[in-house]
Amino acid sequence: MNIWEILDRITISLVEFINKAKKVVNPKDTVGLVWLYILGSVAWLIILGTAAMNLRTYLTYDANSPSVGPIYYTMLTIHGWSAMLGLVPDAALGIIIFSMYKSGLSVVHRRLITAMFWISNLALAFALFGGPDTAWYMYPPLAIEDNAVFQAFRLYHGAMMGAAYLALALNSACASIAALVLVIDAYLTKPKDKKINIFAAYGVAFSLVIAITLPALTAAELWYTAAIWFPSLVKVNPLLWVILFWFYGHPVVYYVPFPLFGALYYYIPIYAKRPLFSEKWARWNIFLLAIGSMLIWVHHLQTFPLPVDLRAWITVSTLLLASGSGLTVLNLGLTVLTSKGYDYKDPLGLTFLIALIGFIIGGVQALPQPINLINGVVHNTYYIVGHFHLIIWTLILVGFTGVFLDLLKVSNPNLNFSQKARKLMVAGLIVWTVPFVTIGYLMSIAGYLGLLRRVIAYPPMFTPYMDAMSFLAEIGIPGLVITIATGIAEYIRTATPSTTQISTFPPSSFTLSLNGKDMVKEVK
């Protein structure tokens, strides 16, 4: 092969890559939009994971000086913002769009949704480049300080700090607009006289929750912008700001898990080879979870001097919402236990089983938290960190992986994971899950013993806990990488010129899960 042939091949490959990149950047159909949001989620996952491992480096180094404090808190903020403002909305909307596709719905306003994705994510990237130092909750007054003692941003000062909060407002506003448009598009494309499947029912319902609650964060961020740019005219009331934030800040923790509940209801019966134990329970539960998630945000303020009657409401309402989650566990648990044999050897089957079990073990730790006497002890400790990270590492990340693997199958009809690939992917899931579940419990035990969260200086007795957490994380991370990389490798291996294009079902069809099988029926 001469130099000209090599250059020709390179040119052809480059042109193919550019053409495929264009289709990802500006998708042409509903599944293309899923890819855009899923890849955005993966990008933020890499960023937040890198920040997490960097901040853990400071937590395990026994010769830290006070000068590393600002670096640690900046890494902590990048980790939190990338997770809550980047990964969470992108993953939630990606899963919701995929749920719509699996029920025969489609995105009508594709260009608008695409524009909202790019504005939202680029705005967040702009804010992060300023070196934020406020943690993801951005509490006033420190979040708008800009002096020698404390700086909300390491690089942005003065008017630029206001611009950063304006960018964050764009980030949240665009995500809420996208969520609202998806609800509208679901209504516009719903087949007449047909019930959408349970996956889409949860997806669309919680798209509406996102559209209702996320604007509260937008308002709070715009308030910061105005206070920074016009300090003589606009003042920030800390209590009202905190109320606005937590009206968004509690439901946001459900943005991904609740659409994934729909995924569990959809996929687990397929791999259990039987219908869902009670679809009626599952559909009625949507109302309890959706409404309840927006009413109990005040339990995040239990360290505030709240009235006794409000504290009683916190306990009752939080446990009521927990009963909705318990009903989900009962429904799915009975589906698995009454099956003739759950197919956990299939990578997709295992991902959703791990997601369910992970939600159970992580959720149990939340049950004591609304009780006032207990919350005061654990509220600011690693017990809370262990609880929500168990949910993140199992239900959210492993469940997200299951959706991604099915997206690969949808995009390439020729894809059928080989036996070797299946074993490798299952092994990767186990290598990920075991260490991270262990880390979650180590965090909770350390918190129970008194380890405070968000601090870099802690008693020496907790050093072994920190070392073990970091060591186990190094072991576990390759597991998920192996699973996802193997799925992608199989996708590429089985791709042909006719299947490398992102495919969709015909517009006149929709997918149902019936007796554990996907069926495509024509809409008359």
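- Taking the six-membered ring wherever Trp is involved, the centroid distance between the rings of Tyr344 and Tyr342 does not fall below 6.0 Å.
- When each of Leu353, Leu424, Ile482, Ile354 is tested with Leu429 by the rule side chain to side chain contact (heavy atoms under 4.5 Å, CB included), just one qualifies, namely Ile354.
- Heavy-atom minimum distance, Gly399 versus Phe352: O-CE2, 3.8 Å.
- Residues Tyr72 and Tyr58 keep their aromatic ring centres 6.0 Å or farther apart.
- Annotation: side chain to side chain donor-acceptor pair (under 3.5 Å) contacts involving residues 77-88, sequence neighbours excluded, are absent.
- By the 30° and 60° cut-offs, the orientation of the rings of Phe98 relative to Tyr101 is parallel.
- Closest of all the heavy-atom pairs between Asn412 and Tyr491 is ND2-O, 3.2 Å.
- Residues passing the salt bridge (Lys or Arg N to Asp or Glu O under 4.0 Å) test with Arg110: none are found, sequence neighbours excluded.
- In this pair, Trp136 and Phe245 present their aromatic rings tilted. The plane angle is within the 30 to 60° band.
- Contact annotation: the side chain of Leu288 approaches that of Asn285 to within less than 4.5 Å [non-hydrogen atoms, C-beta and beyond].
- Pairs of residues two or more places apart, or lying in two chains, never qualify as side chain to side chain donor-acceptor pair (under 3.5 Å) while including a residue from residues 395-405.
- The aromatic rings of Phe199 and Tyr266 sit tilted, their planes meeting at an angle between 30° and 60°.
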What donor-acceptor contacts under 3.5 angstrom involve side-chain atoms of residues 434-450, with partners at least two apart or in another chain?
{"from": "Thr438", "atom 1": "OG1", "to": "Val434", "atom 2": "O", "distance (Å)": "2.7"}
{"from": "Ser444", "atom 1": "OG", "to": "Gln365", "atom 2": "NE2", "distance (Å)": "2.5"}
{"from": "Ser444", "atom 1": "OG", "to": "Gly440", "atom 2": "O", "distance (Å)": "3.2"}

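- Ring pair Trp393/His389: centre-to-centre distance below 6.0 Å.
- Annotation: side-chain contact (heavy atoms from CB on, under 4.5 Å) contacts of Pro370 (sequence neighbours excluded): Thr318, Leu319.
- Interatomic distance, Thr351 OG1 to Tyr267 OH, rounded to the nearest 0.5 Å: 9.0 Å.
- None of Phe261, Tyr254, Phe258 except one satisfies the ring pair (Phe, Tyr, Trp, His ring centres under 6.0 Å) rule with Phe359; the exception is Phe261.
- Legend: residues meeting salt bridge (Lys or Arg N to Asp or Glu O under 4.0 Å) with Glu221, ordered by chain and number and at least two apart, are absent.
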